[in-house]
Amino acid sequence: MPILGIETSCDETGLAVVERGRALAERLASQADLHSLFGGVVPELASREHQRIIAPLFDALMSDAGLSVRDLSGVAVARGPGLMGSLLVGLGFAKGLCCATGLPLVGVNHLHAHLLAADMEQRIEWPALGLLVSGGHTHLYRMRSPISFDLIGRTLDDAAGEAFDKAAKICNLPYPGGSHVDALSRGHTPDPKLFPRPYTDNDNLDFSFSGLKTAFGLLVAKRPHLRLPRLASDSDDIEARLPGGVREELGVVLASLSLAVAETLTMKTARALDAVPEARCLVLAGGVAANTMLRESMSALAASRGLALVAPSPLLCTDNAAMIGYAGEIFLTSGLRHDLSLDAVPRGRIVPDDYVVGECPA
Ligand code: KG4
Ligand code: ZN
């Protein structure tokens, strides 16, 4: 029976109906244009926008799916980590539905859902090693089973996506900048000496990307022509706004940044594979997993170890509700759920495994 997935942890309002690992219908309302005006997500505006749109989006979703609330068998909601005000809109909507209908509720760890999303398109072989790279997190996990992950490495400061977003902001590219950095890098040969491979001269599995952002800022300070004259919006033709010579130079600089991020992530992931020899595949997920160079270097790493790389297609990499519905389906069918006291978990806090054991939906 279908499960409703709800995603409101940051600036995308996502709703999906998922059944047996497949999205029957999906709606995503992005707030990127709104936040692009400020060069980053404004939490208060994000929660107000979720609140404005979530109920009409739900009606549209159910009509796309040709279903009514009575056809659902459970409600899965992203409970964190994320922006508190944004999460509370999703949780409030989910609890309201469950109160009115008696449907079981399950709160989903947004980060685990990113990794599980890979299994919707290409089967994950368990146990696996997972690298989750998003705007707020860079986490390495030993993935024991679909319901049991151990965190074995994490960023000590900025996430990989933040390095891309902050570099893009320095050049006045639109927010979020990762996809623009990726697009502008394509076709250019990176200079491997331009940026450091930060925090790799050690033997742990943690990351630190704040130095890379500083190195990028210092380089652009010396080459101010690499900055667009004003903050670009997503609808601008960015390439057309760059003079010919600058386009080439910026392309090389951004390709070099992408290479530095991709190689740093790949070095630590190689070390993590040594620490988790039982891994039967390598999972790459989260918004930054859409990055072209990162996918290439992780697929070379997986091949060198005789493992498959399991990475969602780019649309399933960034925030979406299908991944929340799918993770919810796994938990509910395993007999794990939450009661109506389910709490949201802000960024920087560990999401607890505080499930209650309940009946599996049919
Ligand atoms: O997982 P996600 O959609 O949201 C969070 O949970 O944070 O990840 C968003 C991040 C942003 O930092 C965005 O710039 C980055 O993913 N991103 C990319 C690409 N597409 C999105 N970074 C590099 N290359 C891309 N193609
Ligand atoms: Zn995310």
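Each ligand, and each atom within it, is numbered from 1 in the order the structure gives. By convention here, the first residue in the shown sequence is residue 1.
- Considering Asn202, Thr138, Asp206 in turn, Asn202 is the only one that fulfils the side-chain hydrogen bond (donor to acceptor under 3.5 Å, both in side chains) rule with Lys268.
- The shortest N/O to N/O separation between His114 and ligand 1 falls below 3.5 Å.
- For Arg186, the CZ atom is densely surrounded, since the number of other residues' heavy atoms within 6.0 Å is greater than 12.
- Ligand-side atoms of ligand 1 in range of Val288: 15 (C), 16 (O), 18 (C), 22 (N), range being under 4.0 angstrom from any heavy atom.
- Here the heavy atom of the protein found nearest to atom 26 (N) of ligand 1 is Asp182 OD2, 2.9 Å.
- Atom NE2 is the N/O/S atom of His110 found closest to the Zn ion (ligand 2).
- Looking only at heavy atoms of the protein, atom 3 (O) of ligand 1 is closest to Asp319 N, 2.9 Å.
- Taking 4.0 Å as the cut-off between side-chain N and carboxylate O, Arg349 and Asp343 do not count as a salt-bridged pair.
- The parts of Thr318 lying near ligand 1 are both backbone and side chain, judged by heavy-atom distances below 4.0 Å.
- Angle subtended at the Zn ion (ligand 2) by Asp319 OD1 and His114 NE2: 90°, rounded to 10 degrees.
- The shortest contact between atom 22 (N) of ligand 1 and any protein heavy atom is with Gly178 CA, 3.4 Å.
- Between Glu162 and ligand 1, not a single N/O pair is under 3.5 Å apart.
- Closest protein heavy atom to atom 14 (O) of ligand 1: Asp165 OD1, 2.6 Å.
- Atoms of ligand 1 found under 4.0 Å from any heavy atom of Gly161, numbered from 1 in the order shown, are 12 (O).
- The environment of CG in Asp237 is crowded: more than 12 heavy-atom neighbours from other residues, nucleotides or ligands sit within 6.0 Å.
- Proximity of Glu12 to ligand 1, defined as any heavy-atom pair under 4.0 Å, is not found for any part of the residue.
- At least one heavy atom of His110 lies less than 4.0 angstrom from ligand 1.
- Between His338 and Tyr355, the ring-plane angle classifies as tilted under the 30° and 60° cut-offs.
- The number of heavy atoms from other shown groups lying within 6.0 Å of NZ (Lys169) does not exceed 12.
- Protein heavy atom in closest approach to atom 7 (O) of ligand 1: Gly135 N, 2.8 Å.
- The shortest distance between side-chain heavy atoms of Asp71 and Val17 does not fall below 4.5 Å.
- If you run side-chain hydrogen bond (donor to acceptor under 3.5 Å, both in side chains) between Tyr199 and each of Asp157, Thr155, Asn204, only Asn204 comes through.
- Within the 6.0 Å centre-distance limit, the rings of Tyr141 and His112 are counted as a close aromatic pair.
- Closest to atom 21 (C) of ligand 1 among all protein heavy atoms lies Gly287 O, 3.4 Å.
- For Ile350, the CD1 atom sits in a loose shell: 12 or fewer heavy atoms of surrounding residues, nucleotides or ligands are nearer than 6.0 Å.
- Salt bridge status for Lys213 with Asp165: absent, with no side-chain N to carboxylate O gap under 4.0 Å.
- On a distance-only criterion, Phe164 and ligand 1 share no N/O pair closer than 3.5 Å.
- No donor-acceptor distance shorter than 3.5 angstrom exists from the side chain of Asn291 to the backbone of Asp182, with no hydrogens or angles considered.
- Ligand 1 lies less than 4.0 angstrom from a heavy atom belonging to Gly136.
- Polar contact with ligand 1: absent for Pro176 (N/O pair, distance under 3.5 Å).
- Close contacts between ligand 1 and Asn291 involve ligand atoms 23 (C), 24 (N), 25 (C), 26 (N) [criterion: under 4.0 Å to a heavy atom].
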